[in-house]
K.L.:
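Encoded as C-alpha cells, here's the structure I'll be asking about.
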Amino acid sequence: MAQKLLLHARVLGERAPDSGQGLANGRIQMHMEQPVNLLTFTQDELVEFFARGSEPAYRARQVFAGLHQRRLQSFAAMTDLPKALRAHLESTTKASTLSIESRYVSEDGTRRFLMKTHDDRPVETVFIPEEHRDTICFSSQSGCPLQCTFCLTAQLGLFRSLTAGEIVEQVIIALNDAYGVGMKPPRGINLVGMGAGEPFLNFDELMKALGIMADPQGLFIVPNRVTISTAGVVPRIRELAAITMRPHLAISLAAATDELRNELMPINKKWRLEELLNACKEFEQSLKPGERVTFEYVMLAGVNDSDEQARQLANLLNRHELRAKVNLIPHNPADPLPYEPSTPDQVEWFKAILESKGIHTYVRRPRGRDIYAACGQLAARRENNLLGVAVG
Ligand code: SF4
C-alpha cells in the first residue's frame with residue numbers, strides 16, 4: 001500500500017488553481033515534490049485515491065470524516081484506522097498544510113489568523129463571533145491581483161491562488177480554535193468569501209472547496225450559508241447564475257459612475273458598470289422570490305459619500321430594475337491608505353436617501369479594526385503594536 005499510495009499521490013499531485021483542468025480530466029503535474037494534501041479531495045475523489053492504493057472505500061470514508069467531520073489535523077489522531085495505515089498516510093500524504101504564524105484577538109472578540117502555506121505564502125482568515133450565528137471570513141487567494149485603492153490587500157499583489165484544500169483548512173482551523181477540535185458550533189456558522197483575493201479569479205477551486213464543505217459526512221456547511229463577494233468578474237457572475245447549489249453573491253460596487261469606479265476599482269476598466277449591472281440583472285432572474293442581489297458599498301469620506309452620489313447609486317440600481325440590497329461599509333482606515341471613513345451622520349443620511357428611493361439598505365458594523373481584521377484591512381500585518389492580543 002505504501003508504495004502504491006505514494007506513487008498515486010505523486011501522479012495525481014495537487015491541482016493547480018486556475019489551470020482550468022481538474023483531477024477528473026488530467027493528472028496534473030503540480031507540486032511534484034509535495035505529498036498530496038487530502039483536504040483537496042472530495043469524498044468521491046478520496047475513495048478513488050484509496051482504491052488505487054488497494055484500500056477499501058470505507059477506509060477512505062473514515063479518513064474523510066476524520067478530516068472534515070472530526071476536524072483532525074493529523075492522521076496520528078485517527079485512532080480508528082489501523083496503525084500501519086496511519087503511518088503510511090502520515091509519511092506519504094498530508095492532513096494539513098497551513099501553519100498558524102500568529103493569531104490576534106480583537107477587543108470585540110474577532111480573531112484574525114495569519115497563516116502560512118507550505119510554500120511560505122500568507123493566508124488570512126477571520127472569525128467573527130455574533131449573537132445568533134458566528135461567521136468565518138476566508139481568503140481565496142494569497143494576496144490579490146486587483147488594485148482596489150481602498151484595500152490594504154491590494155498592496156500585497158498576488159502571490160498565488162489557494163487550492164480547495166487550503167480554503168477548506170482555513171475554516172477547519174478557525175472552527176477548532178473557536179469551539180475545540182471537532183466540537184459542534186453552538187449557534188451555527190456562516191461563511192463569507194471576503195478575505196484576501198478575488199474569489200472569482202479562483203473560481204474552480206472555490207467551488208470545489210464549497211462542495212467539499214457542504215458534504216453531510218464532513219463539515220456540512222451548505223452553500224446557502226455562504227456568501228461570496230466579487231469585485232465584478234462578469235463572466236463568473238453569469239456562470240454562477242447557472243449553478244443550482246450555489247452560495248449567495250455580493251458585488252463590491254464602491255461607486256455609481258464609471259469615472260469614479262475606474263479610479264477606486266480598476267477592474268471596472270475591464271467590466272464597466274453597465275455590463276456589470278446587466279450581469280447582475282441576469283443573476284437576479286435565477287434568484288428565488290424574495291431574494292435580492294447584494295451590493296457592498298465602502299464609504300470613503302469626501303470621495304463617494306455625498307448626497308448626490310447616493311442619488312446616483314439609487315438611480316443606477318433602479319434604472320436596471322434590480323431588487324437590490326445595499327450594505328454600506330464605513331471604510332476601515334489602514335495606513336498608508338489615503339482615505340477616511342464617512343462620518344456616522346453621513347452614513348445614516350446616505351442610507352436615508354437610498355431608502356427614500358426604495359433601496360433596502362443596511363449599515364455594516366466594523367469588526368476587528370484594532371487587529372487589522374476588518375474589511376479591506378487584510379495585508380498580513382504582523383506588528384506587535386496592534387491593540388489586540390497576538391498569540392502564537
Ligand atoms: S477589495 Fe477584494 S478584490 Fe479589491 S484588492 Fe481588496 S481583496 Fe482584492
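Predicted model only: the values in this text are computed from it and were never measured. In this chain, numbering begins with 1 at the start of the sequence shown. Counting starts at 1 for both ligands and their atoms, in listed order.
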K.L.:
Glu166 and side-chain contact (heavy atoms from CB on, under 4.5 Å): which single residue from Thr117, Thr40, Val123 fits?
P.N.:
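Only match with Glu166 under side-chain contact (heavy atoms from CB on, under 4.5 Å): Thr117.
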K.L.:
Do any N/O/S atoms of Cys151 come under 2.8 Å of atom 6 (Fe) of ligand 1?
P.N.:
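An N, O or S atom of Cys151 is closer than 2.8 Å to atom 6 (Fe) of ligand 1, so yes.
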K.L.:
Look at the N, O or S atoms of Cys144, main chain and side chain alike, and state whether any lies under 2.8 Å from atom 4 (Fe) of ligand 1.
P.N.:
no
K.L.:
Can you tell whether the side chains of Lys351 and Glu355 come within less than 4.0 Å, N to carboxylate O?
P.N.:
yes
K.L.:
Pairing donors with acceptors under 3.5 angstrom, does anything connect the side chains of His118 and Asn37?
P.N.:
no
K.L.:
Relative to each other, are the rings of Phe49 and Phe41 parallel, tilted or perpendicular (30° and 60° limits)?
P.N.:
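Tilted.
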K.L.:
Within ligand 1, which atoms have a heavy atom of Gly197 less than 4.0 Å away?
P.N.:
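So the atoms of ligand 1 that pass are 7 (S).
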